[in-house]
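Each chain gets a letter, A, B and so on, in the order its sequence line appears, and its residues count up from 1.
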Protein chains: 2
Amino acid sequence: MFGRQATLHSRASSDAREGYEQRLGHILAAACGAIARLGYERASMRAVAKATGVSLAGLYHYFDSKEKMLFLIQFRTFSALHQNLLEKLHGVMDSEEQLRVMIRAHLSYFAANMDALKVCSHELDTLSGSAYEQTRDIRREYYALTRSIIERLLDAHAPGASLDRHVLTMSLFGTLNWLYRWYDPAGGPSVATVSNQIASQFLHGIYHLADTADGAAANARGLPRDASQAAARTP
Amino acid sequence: MFGRQATLHSRASSDAREGYEQRLGHILAAACGAIARLGYERASMRAVAKATGVSLAGLYHYFDSKEKMLFLIQFRTFSALHQNLLEKLHGVMDSEEQLRVMIRAHLSYFAANMDALKVCSHELDTLSGSAYEQTRDIRREYYALTRSIIERLLDAHAPGASLDRHVLTMSLFGTLNWLYRWYDPAGGPSVATVSNQIASQFLHGIYHLADTADGAAANARGLPRDASQAAARTP
DNA sequence: GATTTAATCGAACGAACGTTCGATCGCCAT
DNA sequence: ATGGCGATCGAACGTTCGTTCGATTAAATC
C-alpha cells in the first residue's frame, strides 16, 4: 500500500528508513502547501514536483497515486490532531475544562499546521473508496470524543435543556473548521484569546439556556418547536 | 459579458427574453447540482451538458466560459441571499430580533437552495480576477450587515465586554456556512428549531459574558489575554 | 567483487478537459 | 420569397493531466 516495505534487519536500514520518512515528510509538506493554495484538483503533480525539487516520476516512488498522496496527508493530520487532543485531555476531569482544552488544542494545532488543517477542512469529500472511509473513521472518533465532552457538560450543567446535541456539536465544529477561511494567527488576536472567547461564548450559551426554566423558554422564541430526532449525518 | 444583449423593442422579443432567462436558469440549476456534488473542477462541462439535455457547444451560447458560469451562480445566489435578508429585516428594530431574523433567513434560504449555498460556501476562492472581486464585494456587504447587527447588540446588552467583534462575527458565519456539511432539512430538526437553538446559544453566550464583571472575568480563564486588534481578513 | 535492490529521472502515452469552428434549423421582419 | 439572426449541434483542436516505462546511478547484501 505504501511506497516501501520496512526492512529492519540492520542499523543501516534503520537509518535509511529515517531518511525515507524525512524525504516523504518533506514531499507531503510541499504537496500540502500546493493543495492548500490551489485546491486538490488544480494542484498538479508537476507543481508538487517543482515545489519539492523531485522529478515528476520520482514522486511515484513515495505513493502509488495522487489520491494516495492526499490520503497520507489527511490520515496523518487527522491522526495527529486526535492524538494531540487525547494527550492534552489527560488528567483533566472537569467537563468544562475539557471543552476549553479541546478548543485550545484545536486552535493551537491549526496555528502550527495551517496548510494541513485547511486541506483537511476543505477536501473532506475528495477521497473515495476505502481511503475515504479510513479518514472518515478518524474524523468520527474526533467527533465522538468532542460530543462526549459536550454530553457530560450538558448532563452536569444543563440537564433539562432542550438542546439538540448534534446541532450543538456541529455548531462548534463549524466555528472551528471555518477558521482557515479568516484567521491568521500571525496578524490577529492570539490563539489563547480566540480560544477563550470561543469557549466562553459556547459554554455560557449553554449555561444560560439551562437557567431559564428548563431551557425551553429561551429556546422556543416565536416559533413552534418540534422534538424530532437528531439529524442523520455525522461528519 | 453575458451571453446575449437585451433587445427590448417589441413584445415578441420580450417573450423571447423570458424564454431565454428560463432556459438559462434551468442550465444554471443543473450546473449547480453538478458542482455541489462533484466540486467545480470535477464537474466537467460535458457533465453539465448531459444534465441539462443541451449539447456541449450549446452551453457556450449562455456564457463565455466555465468560470463565467460559476460566477453567474455565485453572483445570483449571494445577491438573492442578501436581498432576502434585507427584506426580512424590514421593520425589525430590536437588535436581538434582528439577529434571530438573520439566522432564520440564512437557514431558510439554505433549506430552499442547498446546492447553490453549498457551491457558494465551498467554492469561495475558485473565481479569479474581477469575477472574484465582484462576488467578494457582495459577500462583504452581507458580512457588514451581519456585523452591524452584532455591534448594536453588543452596545445595547454588553457594552463593556472585551469581545473581539470580528471573531464573534466569523464564529457565527462558521456555524452557518458549515451547515452544508451536515444539515439535512428533510431528515432532521426543522429549520425553525435549528435556527432558534443557534440564535439562542449565540445570544446568551454574549449576554452572560456581559453579566460577569465586564466580561473579562469569564473570558480570561487560565491564560493571559492580549488586547490586540481585530484580525486582518474579512470574508 | 558480484548481485540485488532502492532511488531517481527524461520521455512518452492515453485520456479528459475547456473551448472553438462551421453548418444547420426555425423564426421574424422586410 | 428572402435575408438576417438567435439557437443549437457534431466534430474537432490544442492543452494539460495522472500515470507508466525503461534506463541510470548509488547503496546495501552476500
Practice task
Would you tell me whether B/Tyr143 and B/Arg147 have side-chain atoms, one donor and one acceptor, within less than 3.5 Å of each other?
Solution key: yes
Practice task
Ignoring backbone atoms, establish whether A/His61 has a side-chain N or O less than 4.0 Å from OP1 or OP2 of C/dT8.
Solution key: no
Practice task
Give the nucleotide from the list D/dC9, C/dC9, C/dT8 with an atom nearest to the side chain of A/Ala57.
Solution key: C/dC9
Handout entry: Between D/dC5 (C1') and B/Tyr20 (OH): distance, integer Å
Key = 15 Å
Handout entry: Near-strand residues of residues 29-48 of chain A, defined as heavy-atom separation under 4.0 angstrom from DNA chain D
Key = A/Ala43, A/Ser44, A/Met45, A/Arg46
Practice task
Determine: side-chain N/O of B/Tyr62 to OP1/OP2 of D/dA7, distance under 4.0 Å, yes or no.
Solution key: no
Problem - Residue B/Lys66, side-chain atoms from C-beta onward, closest of D/dT20, C/dT19, C/dT8 - result: C/dT19
Problem - For atom CD of A/Gln22 and atom P of C/dA6, their distance in whole Å - result: 20 Å
Handout entry: A/His106 side chain to A/Tyr142 side chain, donor-acceptor N/O pair below 3.5 angstrom
Key = yes
I'd like a table of donor-acceptor pairs (distance under 3.5 Å, sequence neighbours excluded) in which one partner is a side-chain atom from residues 24-35 of chain B, with atom names and distances.
none

Exercise for the section: Could you walk me through whether A/Glu123 and B/Arg42 pass the salt bridge (Lys or Arg N to Asp or Glu O under 4.0 Å) test, one step at a time? Expected result: CA-CA 13 Å; A/Glu123 310 288 350; B/Arg42 298 179 112 101; over 6 Å; no
Practice task
Using atom CE of A/Met69 as one end and atom C1' of D/dC17 as the other, report the distance to the nearest whole Å.
Solution key: 13 Å
Handout entry: Nucleotide nearest B/Val54 (side chain, heavy atoms from C-beta), chosen from C/dT20, C/dT8, D/dC9
Key = D/dC9
Problem - Spacing of B/Leu107 atom CG and B/Asn196 atom CG [to the nearest 0.5 Å] - result: 10.0 Å
Handout entry: Spacing between A/His26 atom NE2 and C/dT8 atom P, to the nearest angstrom
Key = 12 Å
Distance-only donor-acceptor hits, side chain of residues 83-90 of chain B, under 3.5 Å, sequence neighbours excluded:
none

Exercise for the section: Can you tell me the distance, in whole Å, between the OH atom of B/Tyr60 and the P atom of C/dT20? Expected result: 7 Å
Exercise for the section: Mind calculating the distance between CG (B/Leu59) and P (C/dC17) to the nearest angstrom? Expected result: 14 Å
Exercise for the section: Taking A/Asn113 for its side chain and A/Ala116 for its backbone only, find out whether a donor-acceptor pair lies under 3.5 Å. Expected result: no
Exercise for the section: Would you kindly give the CZ-to-C1' distance between B/Phe63 and C/dG18, to the nearest whole Å? Expected result: 12 Å
Problem - Distance, rounded to the nearest Å, where A/Leu24 contributes CG and C/dA7 contributes C1' - result: 14 Å
Exercise for the section: Looking only at side-chain atoms of B/Leu56, point me to the closest of D/dA7, C/dT19, D/dG18. Expected result: C/dT19
